[in-house]
Trainee: 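Right, I'll just put the structure down here and ask away after.
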Amino acid sequence: MTSTPKIAEKLTDHDGPRHVAIIMDGNGRWAQMRNRPRLFGHQAGARRVREIVEACPDCGVDYLTIFAFSTENWKRTQNEVAGLMSLFRRYIRREMEAFRAENVQVRFIGDRPRLDKKLRDLMDEAEAFTADCTGTNLTIALNYGGRDEVARATQRLARDVADGRLDVEAIDEETLPRYLDTYVLPDPDLVIRTSGEARVSNFLLWQSAYAEYEFIDTLWPDFSEEIFADLVKAYGNRDRRYGGAKG
Ligand code: IPE
Ligand code: IPE
Ligand code: MG
């Protein structure tokens with residue numbers, strides 16, 4: 001399904017965001033409101049992802065990046081963390097085929113070594129399996145933290161300097177992002193956070209320097225392609241000045 005009948009009017013011709021990033025928040029509260037365990041909310045949240053990925057072509061969005069698990073989320077109970085890891089494994093195993101069928105190229109960003117081997121293997125497999133896909137670029141941030149990413153990038157950069165591959169003077173705003181996990185992605189134009197929290201929680205810190213933000217009250221399991229399309233449309237009315245003056 002590449003065309004979404006619910007989005008009546010195609011948005012591809014508008015001045016829209018090429019890269020949308022989403023902080024998918026509110027699964028726990030969604031479950032709590034139903035007197036269900038938090039993992040029930042995470043399962044419902046995972047089910048929302050495919051619809052949003054499929055809405056991207058009609059919305060003119062080439063890159064979608066979603067925050068699935070932060071470097072701080074290990075602080076949760078062992079039960080919740082284990083449940084999430086098992087959900088990620090099942091999710092990737094189940095969705096891989098569908099993503100390829102939809103021509104979606106899947107990538108992961110974040111610190112992989114801390115994830116268990118079975119999950120890491122599935123992540124590698126999904127990336128290889130969809131590597132030739134030329135449609136939407138889906139990036140899943142898993143064990144991702146912006147500060148951690150910059151620290152890891154700095155280690156690699158320092159190693160290149162120590163080994164004589166990079167001059168200290170050559171380090172600038174163009175060089176540094178080449179060491180980030182997102183080196184193949186353009187910066188996000190629009191960052192959406194659901195659940196009413198107006199904070200960034202360590203997501204794409206370097207990359208979002210000039211992103212537009214939308215903080216909406218909807219809890220992630222209630223997010224829909226209609227809301228997504230409305231936010232994409234609303235972005236067209238924004239005036240991005242990047243520090244310049246209004247002309
Ligand atoms: C987002 O939902 C999913 C993850 C962070 C893994 P939460 O689990 O943070 O839901 P709330 O914020 O507690 O409602
Ligand atoms: C951010 O949500 C991380 C993800 C959505 C994966 P959190 O729920 O972890 O963020 P805080 O704790 O409210 O800042
Ligand atoms: Mg949360």
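We count ligands from 1, going down the list as the structure has it; atoms in each ligand are counted the same way.
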Trainee: Quick one: closest heavy-atom pair of Arg238 and Tyr213, and the distance?
Mentor: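 Looks like NH2-O, 2.8 Å.
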Trainee: Yes or no on side chain to side chain donor-acceptor pair (under 3.5 Å) for Glu80 and His42, after CA distance, side-chain angles and deciding distance?
Mentor: CA-CA 10 Å; Glu80 182 171 355; His42 295 313; 2.8 Å; yes
Trainee: Does the N or O separation between Ser70 and ligand 2 drop below 3.5 Å for any pair?
Mentor: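 No, since none of the N or O atoms of Ser70 sits under 3.5 Å from an N or O of ligand 2.
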Trainee: Determine whether any heavy atom of Glu197 lies closer than 4.0 Å to an atom of ligand 2.
Mentor: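 The answer is no, since Glu197 has no heavy atom less than 4.0 Å from ligand 2.
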Trainee: Have a look at Met24, Arg199, Arg193 and point out the one with the heavy atom closest to atom 2 (O) of ligand 2.
Mentor: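 Nearest heavy atom to atom 2 (O) of ligand 2 lies in Arg193.
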Trainee: So which heavy atom in the protein is nearest atom 14 (O) of ligand 2, and how far is it from that ligand atom?
Mentor: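 Of the protein heavy atoms, Ser201 OG, 2.6 Å lies nearest.
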Trainee: Is ligand 1 less than 4.0 angstrom away from at least one heavy atom of Gly26?
Mentor: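 Contact present.
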Trainee: Under 4.0 Å, heavy atoms only, figure out whether ligand 2 is touched by the backbone of Arg29, its side chain, both or neither.
Mentor: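 No part of Arg29 is near ligand 2 at this cut-off.
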Trainee: Is atom 8 (O) of ligand 2 in close reach of the protein, with a heavy atom under 4.0 Å away?
Mentor: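 Under 4.0 Å from atom 8 (O) of ligand 2, at least one protein heavy atom found.
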Trainee: Which of the atoms in ligand 2, numbered in the order shown and given with their element, are less than 4.0 Å from a heavy-atom of Phe69?
Mentor: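 Ligand 2 atoms under the 4.0 Å threshold to Phe69: 6 (C).
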Trainee: Among residues at least two apart in sequence or on other chains, which ones pass ring-ring contact (aromatic ring centres under 6.0 Å, His included) with Phe223?
Mentor: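 Scan of Phe223 (ring-ring contact (aromatic ring centres under 6.0 Å, His included), adjacent residues dropped) gives Trp220.
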Trainee: Between Asp148 and Arg152, does a salt bridge (charged side-chain N to carboxylate O under 4.0 Å, His left out) hold up when you go through it step by step?
Mentor: CA-CA 6 Å; Asp148 174 72; Arg152 286 186 288 104; 2.8 Å; yes
Trainee: With a 4.5 Å heavy-atom cut-off, do Glu214 and Leu190 have their side chains touching?
Mentor: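 Yes. Closest side-chain heavy atoms under 4.5 Å.
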Trainee: For Arg18, which of Asp189, Asn137, Val61 qualifies under side chain to side chain contact (heavy atoms under 4.5 Å, CB included)?
Mentor: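 That would be Asp189.
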Trainee: Can you tell me how the ring of Tyr144 sits relative to the ring of Phe203, calling it parallel under 30°, perpendicular over 60° and tilted otherwise?
Mentor: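 Aromatic pair Tyr144/Phe203 classed perpendicular.
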Trainee: Do Glu225 side-chain atoms and Ala55 backbone N/O form a donor-acceptor pair below 3.5 Å?
Mentor: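 Pair absent, no side-chain N/O of Glu225 close to backbone of Ala55.
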Trainee: For ligand 2, is there an atom lying under 4.0 Å from some heavy atom of Arg76?
Mentor: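 Yes; Arg76 lies near enough to ligand 2 that a heavy-atom distance drops under 4.0 Å.
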Trainee: In terms of residue, atom name and distance, what is the protein heavy atom nearest to atom 13 (O) of ligand 1?
Mentor: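 Nearest neighbour among protein heavy atoms for atom 13 (O) of ligand 1, to 0.1 Å: Arg38 NH2, 2.9 Å.
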Trainee: Asp167 side chain to Glu169 main-chain N or O, any donor-acceptor pair under 3.5 Å?
Mentor: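 No, the answer is negative, given that no donor and acceptor are paired below the 3.5 Å cut-off.
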Trainee: For Asp239, I'd like to know if atom CG has over 12 heavy atoms of other residues, nucleotides or ligands within 6.0 Å.
Mentor: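 Counting other residues, nucleotides and ligands, CG of Asp239 exceeds 12 neighbours.
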Trainee: Please report whether ligand 1 has a polar contact with Gly28, defined as an N or O pair separated by less than 3.5 Å (distance criterion only).
Mentor: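 In this structure, Gly28 places an N or O atom under 3.5 Å from an N or O of ligand 1.
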Trainee: Side chains of Asp187 and Trp206: donor-acceptor distance under 3.5 Å anywhere?
Mentor: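 Short answer, no.
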Trainee: Protein N/O/S atoms under 2.8 Å of the Mg ion (ligand 3)?
Mentor: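 Per the 2.8 Å query on the Mg ion (ligand 3), atoms found are Asp25 OD1.
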Trainee: Would you mind finding which of Gly41, Ala68, Ala31 brings a heavy atom closest to atom 6 (C) of ligand 1?
Mentor: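 Residue with the shortest heavy-atom distance to the ligand atom: Ala68.
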Trainee: Within the side chain of Arg156, is there an N or O that forms a donor-acceptor pair under 3.5 Å with the backbone of Tyr179?
Mentor: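 Yes, Arg156 side chain to Tyr179 backbone: donor-acceptor pair under 3.5 Å.
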Trainee: Between ligand 1 and Trp30, is the shortest N or O to N or O distance under 3.5 Å?
Mentor: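 No; the residue has no nitrogen or oxygen that sits under 3.5 Å from a nitrogen or oxygen of the ligand.
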Trainee: Please state which part of Asn73 comes within less than 4.0 Å of ligand 1, counting heavy atoms only: side chain, backbone, both or neither.
Mentor: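 For Asn73, the contact with ligand 1 is made by the side chain alone.
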Trainee: How close do Leu39 and Asn79 get, counting heavy atoms only, and between which atoms?
Mentor: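 Closest approach of Leu39 to Asn79: CD1-O, 4.1 Å.
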